[in-house]
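Notes to accompany the following structure.
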There are 2 protein chains.
Amino acid sequence: MGNVSTTSDDILACARSLIVAGGYNGFSYADIADVVGIRKASIHHHFPSKVDLVRTLVARYREEAEAGMANLELQVSDPLEQLQDYAGYWEVCIADASAPFCICALLASELPVLPEEVGLEVRAHFRSLSAWLTSVLERGARLGRFQLMGTPRAEAEAFMATVHGAMLSARAYGDPKIFAVVTRPLLERLAPRSLQIQS
Amino acid sequence: MGNVSTTSDDILACARSLIVAGGYNGFSYADIADVVGIRKASIHHHFPSKVDLVRTLVARYREEAEAGMANLELQVSDPLEQLQDYAGYWEVCIADASAPFCICALLASELPVLPEEVGLEVRAHFRSLSAWLTSVLERGARLGRFQLMGTPRAEAEAFMATVHGAMLSARAYGDPKIFAVVTRPLLERLAPRSLQIQS
DNA sequence: CGCTACCTACCTTCTGGTAGGATGGCAGTC
DNA sequence: GACTGCCATCCTACCAGAAGGTAGGTAGCG
């Protein structure tokens, strides 16, 4: 299982953290070269253009997200717990500053100036995340686990929007705790109190 | 009252729409020069540096926002209506694509790479908006107009985050309607149904 | 006269990207 | 095992254009 971190992986990881910090136009090949300890031109060997790099990066991010959702479907049966785990994942990422922002959420804010190929990947993530949340909420409602005020789809969009907004607020305030302040009540509201299980 | 649009105002207006589209690093003096019909160097006469330009821009934006909140305090007595008007303002901006994003929300996403002076203005907007929303929710709760599940502060943060996230989703889906889909139920949930007034 | 607004011309640094060469490992084959 | 060709990786050196910004000048106006 030796995953010995290839250069190309290093480049992707570095680019990811740079994008999390400042978006598509917030970093350059020179920045990556400095961090990875390689020459600028060598990056072009792995990723001919910046668009190639970022498209690959977002595609991989999407795969990971997709895998994460699939994993929650397999490992966790309770819909409320699935949402708690999803929110909890980000809570940790933000708290330890390891990846304090969803790169697709960040890139979406720059969508109008994004290369089209990158934009397509970003939009696809929104659709896929929304679809999963919708299915979780729909199942939770069917099981009587959730008390929805609108359609599962509408609640899913609201949930996603609130999580993204909470990331933004945590960044604006420079305070990771604000993420939980916003998302915790979101989960509490979905499930009737009598059915709550503290994890 | 003849506000005959000075060049400096044109520059600010142009920069604003460029920032709305792509953030701080998403535009250049050359872009502004093209649109305003002026030479690059002439922009430096009005705003010596890019930081000056954007700081001024955000400061003015904050003044407008502050004025908008003050106006809602004067013109609208009902707390629910105040929030409806606030959300409705953005609903229109997004629908007609005149300014489909709050520049402070957008800039906040790039905070780590923003010049410090700009970052300070952006953070200040978050604090001021949050404070106003808190006061509205607090008053609404006192008047029995709102049924809050958490503290006014926590509900205010959740409200703000959801509005920001809804802007992001509207952009990601390329569909203005999603903003209302997310924010309308947000308002409906705050006020007990018996007290709702359809505007 | 002095000031504002704008200009042309220029500078430096950074940008993404290219050309072409050195190194080194790995297959094939004699 | 030695020789050979090939390919992946990384390099130096370079490029054109865009970035933000400066120097210095001109036109108009109170």
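Since this is a predicted model, take the numbers as computed values, not measurements. Naming convention: chains lettered A, B, ... in sequence-line order (proteins, then strands); numbering from 1 in each chain.
- Note on His45(B): every side-chain N or O is 4.0 Å or more away from OP1 and OP2 of dC6(C).
- Put simply, CG on Leu53(B) is 14 Å from C1' on dG21(D), counting in whole angstrom units.
- Counting to the nearest Å, the P atom of dT9(D) and the CG atom of Asp9(A) are 12 Å from each other.
- Here Arg60(B) pairs with Asp9(B) in a salt bridge; the nearest charged N to carboxylate O distance falls below 4.0 Å.
- Every residue two or more places apart in sequence or in another chain that forms a salt bridge (charged side-chain N to carboxylate O under 4.0 Å, His left out) with Glu64(A) is listed here: Arg16(A).
- The side chain of His46(A) approaches dC10(D) more closely than any other nucleotide in the set dC6(C), dC11(D), dC10(D).
- For the pair Ile38(B) CD1 and dT8(C) P, the computed distance is 11 Å after rounding to whole Å.
- Within the 4.0 Å cut-off from OP1 or OP2 of dC10(D), at least one side-chain nitrogen or oxygen of Thr7(A) is found.
- Rounding to whole angstrom units, CZ of residue Phe47(B) and P of dT22(D) are separated by 16 Å.
- With respect to the salt-bridge test (charged N to carboxylate O, under 4.0 angstrom), the residues Arg184(B) and Glu188(B) do not qualify.
- Side-chain contact between Met160(B) and Phe126(B) is present, with heavy atoms from C-beta onward closer than 4.5 Å.
- A straight line from CG of Asp10(A) to P of dT9(D) spans 13 Å, rounded to a whole angstrom.
- Residue Ser42(A) has a polar side-chain atom (N or O) positioned under 4.0 Å from OP1 or OP2 of dC11(D).
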Might you work through the side-chain contact (heavy atoms from CB on, under 4.5 Å) test for Thr183(B) and Met167(B), ending with a clear yes or no? CA-CA 10 Å; Thr183(B) 55; Met167(B) 290 175 187; over 6 Å; no
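- Distance, Arg39(B) CZ to dC7(C) P: 6 Å, rounded to whole Å.
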I'd like a list of close polar pairs between nucleotides 15-20 of chain D and the protein, N/O only, cut-off under 3.5 Å.
unit_1, atom_1, unit_2, atom_2, d
dA19(D), OP1, Ser28(B), OG, 3.0
dA19(D), OP2, Ser28(B), OG, 3.3
dG20(D), OP1, Lys50(B), NZ, 2.9
dG20(D), OP2, Tyr29(B), N, 2.9
dG20(D), N7, Lys40(B), NZ, 3.1
dG20(D), O6, Lys40(B), NZ, 3.0

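- Between Tyr24(B) and Leu106(B) the shortest side-chain heavy-atom distance does not fall below 4.5 Å.
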